[in-house]
Visitor: 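Could you have a look at this structure, given as structure tokens, before my questions?
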Amino acid sequence: MHIVLDLHDGVVTATRIEGDGATGDAAQLDLTALVEFVAEREAAERPRWVWANTRQWYPRLLAAGVRVERCVDLTLCHRILRRSALTAESALARGPESAWDVASSALIEPVPAQSPALFDVEVPATTAGLDPVREFEAQLAAVSSAEQPGRIRLLLAAESAGALIAEEIRFTGLPWRADVHDRVLTQALGPRPAPERHPAKLDELATRIRELLDAPALNPDSQPELLAALRRVGLDVASTRKWELRELQHPVIAPLLEYKNLYRLYTANGWAWLDAWVHEGRFRPDYVVGGVVTGRWATSGGGALQLPKNVRQAVVADPGWKLVVADAAQLEPRVLTGLAHDRAMADAGRGRDLYDSIVAAQVVPSRPHAKVAMLGAMYGATTGDSARLMPRLRRAFPQAIALVDHAAEEGERGDRVMSRLGRTSPPPSAGWRAVQQRASEPGATSSDERRARSQARDWGRFTRNFVVQASAAEWALCWMAETRLRLAALNGRSLSGAPHLVYFLHDEVMIHTPEQFAPQVERVLHDAARAAGELLFGTFPVDFPLTVATVDTYADAK
DNA sequence: ACTGTGTGCGCG
DNA sequence: AAAGCGCGCACACAGT
């Protein structure tokens, strides 16, 4: 059972779509009656709510204390279906661009500044005038035209569940102790400086750097100035990157590296960040579901996916509550195992650290070697240790390596590749095709050919990684969705008084929970991981072990 | 005063 | 030693 919601001039139309796809009754209701209507239907039949976009509808329901179990986010689903190779022959994919495509791209555009009132979201202009009932019918038709509709159907469900989760996380926020954060900053940088001033510690370091480089006017934030000053004292550097500086012997290196480190903390996660992003003890990440080509989430403002290790101390559970932090161990290689049905790799990963097993099997000499070799296989390394270890990895796990090699070949040819559930890589750009074309024409110069070859390899590395990263993102979505449903079953449907998701980071989730529920939450996470593995890979025996920690602060999770 | 690009660094 | 994937963000700087 589905109920499609549409909004025109303050009037909501709720249209029932029966299980067989037949359009049923359409009720009209006032916007103020919406919350009660949704709550009542949710309790009675738990329909799948169908709407143009989750950000437009769900915050107002959450603010009124109403959660829904399932939805279809038409805008997110539209984007997947338009591009997926599984639905390429459908009318929806073959038709011309529509307002839904405009709405899709608007979703991943940066939102202007701060939204003033968090839960008073205006209807975005981009979805006004769209017909969600017709779009939903077109999407159903596209799905049923697929050869294996189960895969794409699961992907759409998972993506939509992600949209609900992102809104719920924004609603509850991540517990954040501004006082702890301030203490971290003060210890590192000195007291908070007056407006327009730099922290005392940074000023001191800058002065020392100027003295040691004999450059009284140097601005250490200026890369060209700094590079020139380093060369003037005889340091042969090509850049001012820290890993290049680290190798040098000179009295200025230590204070310079410290300056860079503190400057980064100050500018990216300093007092200004705290003022902008933390209110009433909560940081509200602005997740962009499906914001990355591979289906990974992105963020817009606040940098929720780049929280540096040293400020994670500020993430502290409320009194009487705990944080349960879980991450999937070696997620991407394990996903590759499932994609390739590589039995040897599945055996190596069973019940233990995958990299340790690779060492035990004498494929490589040490765990760091195993890790770098595996990452190199998935990223397409061409030089260094990583590339040199590839033949040994290929001998040990021929099926897994063949899968990524094949994905790279497809990309080099300009073909598209697909994740486990059907998310499909974008085609290469017109410029890319033109370069390839030119190199194949008579009269092509060797430089044309070199350029084409190098560009083809670049795109091949992208498609090589796409199949793994996109499938891993699907596993993570399924894991989160399964976790969310099980948490709701654990303690009713309220968000604020019960265990709930507060953070997500590609292969890691965090749940804020009353202390007494922590053991159950840990079990839920493990069960959900198992369920996610089965959803993606059926009975193929690949394990997805988790590292789980129940802690008071995020900094203690690793 | 604005916008786009390059550099560097944080995360997975 | 910093190669090989995907990002966001802040700053300096050069272009308009």
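In what follows, every chain begins at residue 1, and chains take the letters A, B, ... in the order their sequences are listed. The structure presented is a predicted model; accordingly, all values stated were derived computationally and were not measured.
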Visitor: Does the distance from a Lys or Arg side-chain N to an Asp or Glu carboxylate O, for Asp101(A) and Arg82(A), drop under 4.0 Å?
Guide: yes

Visitor: Taking any heavy-atom pair under 4.0 Å as a contact, classify Tyr263(A): base, sugar-phosphate, or nothing.
Guide: sugar-phosphate

Visitor: Please report, rounded to the nearest Å, how far the P atom of dC5(C) is from the CE atom of Met390(A).
Guide: 14 Å

Visitor: Could you list by number each residue of residues 394-422 of chain A showing a heavy-atom separation from DNA chain B of less than 4.0 Å, or answer none if no residue does?
Guide: none

Visitor: To check you understand the geometry: which heavy-atom pair defines the closest contact between Thr424(A) and Arg83(A), and what is its length?
Guide: O-CD, 3.0 Å

Visitor: Taking the six-membered ring for Trp, are the ring centroids of His506(A) and Trp297(A) within less than 6.0 Å of each other?
Guide: no

Visitor: Less than 4.0 Å between a side-chain N and a carboxylate O, is that true for Arg208(A) and Glu211(A)?
Guide: no

Visitor: Select from Ala381(A) and Pro224(A) the residue whose nearest nucleotide in DNA chain C is closer to the 5' end of that strand.
Guide: Ala381(A)

Visitor: Starting from C1' on dG4(C), measure out to CE on Met374(A) and report it in whole angstrom.
Guide: 15 Å

Visitor: Answer yes when Arg367(A) and Asp356(A) have at least one side-chain N-carboxylate O distance shorter than 4.0 Å, and no when they do not.
Guide: yes

Visitor: Do the side chains of Asp286(A) and Arg55(A) get close enough for a salt bridge, i.e. N-O under 4.0 angstrom?
Guide: yes

Visitor: Any carboxylate oxygen within less than 4.0 angstrom of a Lys/Arg side-chain nitrogen, looking at Lys371(A) and Asp353(A)?
Guide: no

Visitor: Is the shortest side-chain N to carboxylate O distance from Glu258(A) to Lys201(A) below 4.0 Å?
Guide: yes

Visitor: Answer with base, sugar-phosphate or nothing: what part of the nucleic acid does Val293(A) contact at a heavy-atom distance below 4.0 Å?
Guide: sugar-phosphate

Visitor: Atom CG of Leu389(A) to atom C1' of dG4(C): distance rounded to whole Å?
Guide: 13 Å

Visitor: Please tell me which of Trp273(A) and Glu244(A) maps to the more 5' nucleotide of DNA chain C, matching each residue to the nucleotide holding its nearest heavy atom.
Guide: Glu244(A)

Visitor: Is it true that atom CZ of Arg413(A) has more than 12 heavy atoms of other residues, nucleotides or ligands lying nearer than 6.0 Å?
Guide: yes

Visitor: Taking CZ from Phe504(A) and P from dC7(C), how many angstroms apart are they, rounded to a whole number?
Guide: 15 Å

Visitor: Would you call Arg394(A) and Asp405(A) a salt bridge, taking side-chain N to carboxylate O under 4.0 Å as the test?
Guide: yes

Visitor: Please work out if Gly384(A) contacts a base, only the sugar-phosphate, or nothing of the nucleic acid, heavy-atom cut-off 4.0 Å.
Guide: nothing

Visitor: So if I take every side-chain heavy atom of Thr383(A) and compare against dC13(C), dA3(C), dC7(C), which nucleotide ends up nearest?
Guide: dA3(C)

Visitor: Write down the distance between CD (Glu225(A)) and P (dA12(C)), rounded to a whole number of angstrom.
Guide: 10 Å

Visitor: Side-chain N or O of Thr382(A) versus OP1/OP2 of dA3(C): is the shortest distance under 4.0 Å?
Guide: no

Visitor: Which nucleotide, dC11(C), dA2(C), dC7(C), lies nearest any side-chain atom of Thr267(A)?
Guide: dC11(C)

Visitor: Considering just the side-chain nitrogens and oxygens of Ser222(A), establish if one lies under 4.0 Å of OP1 or OP2 belonging to dC13(C).
Guide: yes

Visitor: Could you work out the separation of dG4(C) and dG12(B) based on their P atoms and round it to a whole Å?
Guide: 22 Å

Visitor: Would you please enumerate the stems DNA chain C participates in, each stem being three or more consecutive Watson-Crick or G-U wobble pairs with both distances under 3.5 Å?
Guide: B:1-12 with C:5-16

Visitor: Would you call Asp543(A)-Arg334(A) a salt bridge at under 4.0 Å N-O?
Guide: no

Visitor: Please give, in whole Å, the distance from dG6(C) C1' to Asp458(A) CG?
Guide: 14 Å

Visitor: Any ion pair linking Glu332(A) and Arg296(A) (charged N to carboxylate O, less than 4.0 Å)?
Guide: yes

Visitor: Quickly work out the Phe466(A) CZ to dC7(C) C1' distance and round it to whole Å.
Guide: 15 Å

Visitor: Inspect the contact between Glu409(A) and Arg464(A) and indicate whether a charged nitrogen and a carboxylate oxygen are less than 4.0 angstrom apart.
Guide: no

Visitor: How would nucleotides 6-12 of chain B be written as a contact map, 5' to 3', with B for base contact, S for sugar-phosphate-only contact and - for no contact, using protein heavy atoms under 4.0 Å?
Guide: -SBBBSB

Visitor: Rounded to the nearest Å, what distance is computed from the CG atom of residue Leu245(A) to the P atom of nucleotide dA2(C)?
Guide: 12 Å

